[in-house]
Amino acid sequence: MVCIVATGALWLWGAARFLIVNAPTSSDIIVVVAAKNNGGRVRKALGLFQQGYGKQILFDENTDLQVYGFVRAQLAEEFVAHISGTAAGKAHVCPIRGDSTFEEAAQVDKCVSQYDARSVLLVTSDYHTRRALATFKRILPRYQWSVAASEDSAEFGKNWWEHREWAKQTVTEWSKFIWWEAVDQWRAART
């Protein structure tokens, strides 16, 4: 009984930590997974680019979702047009449709393939890294993948029990991860 309680306690303690993979490697291209108003992902990607982790940056963004009446891909295009410094001319928008990592991965291939990339560095929220990496690897196995975690303490933290939002994000991401493992990865294998 003590062993079961200890195992359960250890699993609960590490539930949020398990979701995080932060292992960026130098790649041909950096892909910012649909930012959904998360400026941290954008800042992280630009910082990694400046550190030499990629030669190009792709911001994948939705053409079918709006923010205050503006299509998000159009807002991203506007942002990219105003990038200065070393990333000027090296940042691009990859238009996507849909609202799942599964759908997103298949659509990103059209953009990445334009740059003759062999290796891709994903930048996404820390809680999303494990599932995003697994999804992109499974759907697009011809690329070498790595992932960088963008942290946002308003959204998520390793000690998930300390804040309500962190707990909600942990439970939500675990449900999506379990769905990926049980359903979507097998669906990806058939396509």
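N62 contributes no side-chain N or O that, together with a main-chain N or O of D64, makes up a donor-acceptor pair within less than 3.5 Å. In terms of modelled atom types and a separation under 3.5 Å, the side chain of W145 and the main chain of T135 share no donor-acceptor contact. When atom types are taken as modelled, the side chain of S150 and the backbone of R41 share a donor-acceptor pair closer than 3.5 angstrom. A distance-only check finds no donor-acceptor pair linking the side chain of E104 to the backbone of I96 [under 3.5 Å]. Q107 contributes a side-chain N or O that, together with a main-chain N or O of R97, makes up a donor-acceptor pair within less than 3.5 Å. Side-chain N or O atoms of W174 include one that pairs as donor or acceptor with a backbone N or O of A15 at under 3.5 Å.
In this structure, E181 places its CD atom where more than 12 heavy-atom neighbours from other residues, nucleotides or ligands lie under 6.0 Å away.
Under the 6.0 Å cut-off for aromatic ring centres, Y127 and W166 do not qualify, their centroids lying 6.0 Å or more apart. For F156 and H163, the ring centers sit 6.0 Å or farther from each other.
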Step-by-step side chain to side chain contact (heavy atoms under 4.5 Å, CB included) determination, I29 to V112: CA-CA 8 Å; I29 197 159; V112 171; 4.2 Å; yes
Derivation and outcome, side chain to side chain contact (heavy atoms under 4.5 Å, CB included), residues Y143 and S113: CA-CA 10 Å; Y143 301 110; S113 65; 3.8 Å; yes
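The side chain to side chain contact (heavy atoms under 4.5 Å, CB included) test with H128 is passed by exactly one of L19, V147, V33: V33.
In terms of heavy-atom proximity, A23 sits nearest to S146 at O-CB, 3.4 Å.
Cation-pi check for R187 over W180 is not met; the charged atom does not lie both under 6.0 angstrom from the ring centroid and within 45 degrees of its normal.
The CD1 atom of I57 sits 6.0 Å away from the CD1 atom of I83 when rounded to the nearest 0.5 Å.
Within the structure, every pair that satisfies the salt bridge (charged side-chain N to carboxylate O under 4.0 Å, His left out) test and touches residues 118-133, not counting sequence neighbours, is listed here: R131-E173. Among pairs with a residue in residues 16-30, those fulfilling salt bridge (charged side-chain N to carboxylate O under 4.0 Å, His left out) read D28-K55, at least two apart in sequence or across chains.
Residues that satisfy the salt bridge (charged side-chain N to carboxylate O under 4.0 Å, His left out) test with D109, not counting sequence neighbours, are R142.
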